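These numbers come from a predicted model, not from an experiment.
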Amino acid sequence: MDRLTAMTTLPRLAVAVVAAGLLLPGCGSSDKKSASSTATTITTSASGKVGVKLVEFKLTPAPTTAPAGTVTFAVRNAGQVKHEFVVIKTAKPAGDLLKGSEADEAGNVGEIGNIPPGQSKTLALKLAAGHYALICNLPGHYKAGQYANFNVS
(Lines give C-alpha, C1' and ligand atoms only; values in the text may rest on other atoms or scores of the structure.)
Protein backbone atom coordinates (compact mmCIF):
# COMPACT_ATOMS: atom_id res chain seq x y z
CA MET A 1 0.00 0.00 0.00
CA ASP A 2 1.49 3.33 -0.99
CA ARG A 3 1.62 6.30 1.36
CA LEU A 4 -1.30 8.18 -0.27
CA THR A 5 -3.61 5.16 -0.11
CA ALA A 6 -2.66 4.53 3.52
CA MET A 7 -3.38 8.15 4.45
CA THR A 8 -6.90 8.00 2.99
CA THR A 9 -7.79 4.43 3.97
CA LEU A 10 -6.74 4.49 7.64
CA PRO A 11 -8.99 7.41 8.68
CA ARG A 12 -11.99 5.73 6.99
CA LEU A 13 -11.17 2.47 8.75
CA ALA A 14 -10.95 4.26 12.11
CA VAL A 15 -14.37 5.87 11.56
CA ALA A 16 -15.87 2.48 10.65
CA VAL A 17 -14.44 0.86 13.79
CA VAL A 18 -15.77 3.65 16.03
CA ALA A 19 -19.20 3.50 14.37
CA ALA A 20 -19.36 -0.27 14.80
CA GLY A 21 -18.41 0.10 18.45
CA LEU A 22 -21.25 2.56 18.99
CA LEU A 23 -23.81 0.32 17.28
CA LEU A 24 -22.87 -3.09 18.71
CA PRO A 25 -23.71 -2.48 22.38
CA GLY A 26 -27.32 -1.89 21.36
CA CYS A 27 -27.65 -5.17 19.47
CA GLY A 28 -30.14 -7.42 21.20
CA SER A 29 -30.59 -5.15 24.20
CA SER A 30 -34.28 -4.63 23.49
CA ASP A 31 -35.02 -8.29 24.27
CA LYS A 32 -34.10 -8.63 27.93
CA LYS A 33 -35.94 -11.95 28.29
CA SER A 34 -33.78 -13.76 25.74
CA ALA A 35 -30.60 -12.24 27.16
CA SER A 36 -31.40 -13.52 30.64
CA SER A 37 -32.38 -16.99 29.46
CA THR A 38 -29.55 -17.63 27.04
CA ALA A 39 -28.20 -21.17 27.14
CA THR A 40 -24.56 -20.15 27.31
CA THR A 41 -24.73 -17.66 30.17
CA ILE A 42 -23.80 -18.83 33.64
CA THR A 43 -25.22 -16.52 36.26
CA THR A 44 -23.23 -16.03 39.43
CA SER A 45 -23.95 -13.75 42.35
CA ALA A 46 -24.54 -13.67 46.07
CA SER A 47 -28.29 -13.25 45.50
CA GLY A 48 -29.06 -16.97 45.26
CA LYS A 49 -28.24 -17.50 41.60
CA VAL A 50 -25.71 -20.21 40.87
CA GLY A 51 -24.29 -21.24 37.52
CA VAL A 52 -23.47 -24.92 37.12
CA LYS A 53 -21.37 -26.34 34.29
CA LEU A 54 -21.54 -30.07 33.54
CA VAL A 55 -18.86 -31.82 31.46
CA GLU A 56 -17.40 -35.31 31.38
CA PHE A 57 -17.01 -35.98 34.31
CA LYS A 58 -16.96 -32.81 36.31
CA LEU A 59 -19.60 -30.58 37.90
CA THR A 60 -18.61 -26.97 38.58
CA PRO A 61 -20.87 -24.57 40.51
CA ALA A 62 -20.07 -20.86 40.63
CA PRO A 63 -20.29 -19.64 43.31
CA THR A 64 -20.04 -22.58 45.73
CA THR A 65 -22.16 -20.87 48.41
CA ALA A 66 -25.49 -19.07 48.56
CA PRO A 67 -27.68 -17.45 51.19
CA ALA A 68 -30.59 -19.47 52.62
CA GLY A 69 -33.84 -19.05 50.72
CA THR A 70 -34.59 -19.51 47.06
CA VAL A 71 -31.52 -20.64 45.14
CA THR A 72 -31.77 -20.81 41.37
CA PHE A 73 -29.35 -23.15 39.65
CA ALA A 74 -28.69 -22.35 35.97
CA VAL A 75 -27.36 -25.70 34.76
CA ARG A 76 -25.54 -25.99 31.42
CA ASN A 77 -24.42 -29.25 29.89
CA ALA A 78 -21.18 -28.27 28.15
CA GLY A 79 -20.26 -31.91 27.63
CA GLN A 80 -20.74 -34.40 24.81
CA VAL A 81 -23.12 -36.81 26.60
CA LYS A 82 -26.38 -36.50 28.51
CA HIS A 83 -26.12 -35.50 32.20
CA GLU A 84 -28.43 -34.86 35.13
CA PHE A 85 -28.26 -32.53 38.12
CA VAL A 86 -29.26 -33.63 41.63
CA VAL A 87 -29.19 -31.54 44.83
CA ILE A 88 -28.84 -33.54 48.06
CA LYS A 89 -28.89 -32.12 51.60
CA THR A 90 -26.30 -34.10 53.53
CA ALA A 91 -23.65 -33.71 56.19
CA LYS A 92 -21.31 -35.95 54.16
CA PRO A 93 -18.82 -34.58 51.64
CA ALA A 94 -20.10 -34.86 48.06
CA GLY A 95 -17.52 -37.54 47.27
CA ASP A 96 -18.62 -39.80 50.16
CA LEU A 97 -22.12 -40.75 48.97
CA LEU A 98 -21.30 -43.93 47.05
CA LYS A 99 -23.77 -46.76 47.69
CA GLY A 100 -23.23 -49.66 45.33
CA SER A 101 -22.47 -48.32 41.85
CA GLU A 102 -24.16 -44.92 42.32
CA ALA A 103 -24.51 -42.18 44.92
CA ASP A 104 -27.08 -42.55 47.69
CA GLU A 105 -29.71 -39.90 46.96
CA ALA A 106 -31.13 -39.81 50.50
CA GLY A 107 -31.78 -36.14 51.24
CA ASN A 108 -32.62 -35.31 47.58
CA VAL A 109 -34.29 -31.88 47.53
CA GLY A 110 -34.58 -31.47 43.77
CA GLU A 111 -33.19 -32.50 40.42
CA ILE A 112 -33.15 -32.00 36.68
CA GLY A 113 -33.01 -35.19 34.64
CA ASN A 114 -31.82 -35.78 31.10
CA ILE A 115 -29.98 -32.61 30.11
CA PRO A 116 -28.83 -33.13 26.49
CA PRO A 117 -25.40 -31.90 25.35
CA GLY A 118 -25.41 -28.15 24.68
CA GLN A 119 -28.67 -27.58 26.56
CA SER A 120 -29.41 -25.55 29.71
CA LYS A 121 -32.13 -25.84 32.31
CA THR A 122 -32.89 -24.04 35.56
CA LEU A 123 -33.93 -25.36 38.95
CA ALA A 124 -35.21 -23.07 41.71
CA LEU A 125 -35.23 -24.55 45.21
CA LYS A 126 -35.95 -23.14 48.65
CA LEU A 127 -32.84 -24.23 50.57
CA ALA A 128 -32.22 -24.08 54.30
CA ALA A 129 -28.77 -23.41 55.72
CA GLY A 130 -26.50 -26.43 55.54
CA HIS A 131 -24.28 -28.56 53.34
CA TYR A 132 -25.43 -29.93 50.00
CA ALA A 133 -23.95 -32.30 47.45
CA LEU A 134 -24.47 -31.46 43.78
CA ILE A 135 -24.13 -34.57 41.64
CA CYS A 136 -24.77 -36.25 38.32
CA ASN A 137 -25.93 -39.75 39.20
CA LEU A 138 -26.26 -41.28 35.76
CA PRO A 139 -24.54 -44.69 35.58
CA GLY A 140 -20.80 -44.24 36.06
CA HIS A 141 -20.87 -40.42 36.23
CA TYR A 142 -20.76 -40.03 40.02
CA LYS A 143 -18.02 -42.66 40.35
CA ALA A 144 -16.03 -40.79 37.68
CA GLY A 145 -16.05 -37.66 39.87
CA GLN A 146 -19.07 -35.66 38.70
CA TYR A 147 -19.98 -34.04 42.02
CA ALA A 148 -19.31 -30.88 44.04
CA ASN A 149 -19.87 -29.56 47.55
CA PHE A 150 -22.22 -26.61 48.01
CA ASN A 151 -22.99 -24.61 51.17
CA VAL A 152 -25.99 -22.51 52.10
CA SER A 153 -25.66 -20.03 54.98
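Expressed to the nearest 0.5 Å, how far CG of L59 lies from CD of E84 amounts to 10.5 Å. Taking CG from L138 and CZ from F57, the interatomic distance works out to 9.5 Å, rounded to the nearest 0.5 Å. We find the SG-CD distance between C136 and Q146 to be 4.0 Å, quoted to the nearest 0.5 Å. Taking CD of Q119 as the reference point, atom CG of L54 lies at 12.5 Å (rounded to 0.5 Å).
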N/O donor-acceptor pairs under 3.5 Å from side chains in residues 97-109, not counting sequence neighbours:
from : atom 1 : to   : atom 2 : distance (Å)
D104 : OD1    : A106 : N      : 3.0
E105 : OE1    : N108 : ND2    : 3.1
E105 : OE2    : N137 : ND2    : 2.8
N108 : OD1    : G110 : N      : 2.8
N108 : ND2    : E111 : OE1    : 2.7

Let me have the donor-acceptor pairs involving side chains of residues 122-132, under 3.5 Å, with sequence neighbours excluded, atom names and distances please.
from : atom 1 : to   : atom 2 : distance (Å)
H131 : ND1    : T90  : O      : 2.7
H131 : ND1    : K92  : O      : 3.3
H131 : NE2    : N149 : OD1    : 2.8
Y132 : OH     : A128 : N      : 3.2
Y132 : OH     : A128 : O      : 2.8

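Neither V86 nor V71 shares a network with the other; the hydrophobic side chains, linked directly or stepwise wherever heavy atoms of I, L, V, M, F, W or Y lie under 4.5 Å apart, form separate groups for each. There is a path of hydrophobic side-chain contacts, each under 4.5 Å, that joins I112 to V87.
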*Take K58 and K53 through the side-chain contact (heavy atoms from CB on, under 4.5 Å) test and state the conclusion after the steps.*
CA-CA 8 Å; K58 191 174 180 181; K53 181 179 175 184; over 6 Å; no
*For side-chain contact (heavy atoms from CB on, under 4.5 Å), just list the numbers for I135 and I88, CA-CA rounded to whole Å, side-chain angles, deciding distance to a tenth of an Å, and then say yes or no.*
CA-CA 8 Å; I135 69 169; I88 301 168; 3.6 Å; yes
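For N77 against V81, the heavy-atom pair with the smallest separation is ND2-O, 2.9 Å. G79 and P117 get closest at one heavy-atom pair: O-CB, 3.4 Å. Residues D96 and Y142 come closest through the heavy atom pair N-OH, 3.4 Å. What you find for F150 and A66 is that their closest heavy atoms are CZ-CB, 3.7 Å.
For the pair Y147/L134, no side-chain contact is recorded, criterion being any heavy-atom separation below 4.5 Å from C-beta on.
Within a 6.0 Å sphere centred on NZ of K82, other residues, nucleotides and ligands contribute 12 heavy atoms or fewer. Residue K121 qualifies as enclosed at atom NZ: its count of foreign heavy atoms under 6.0 Å is above 12.
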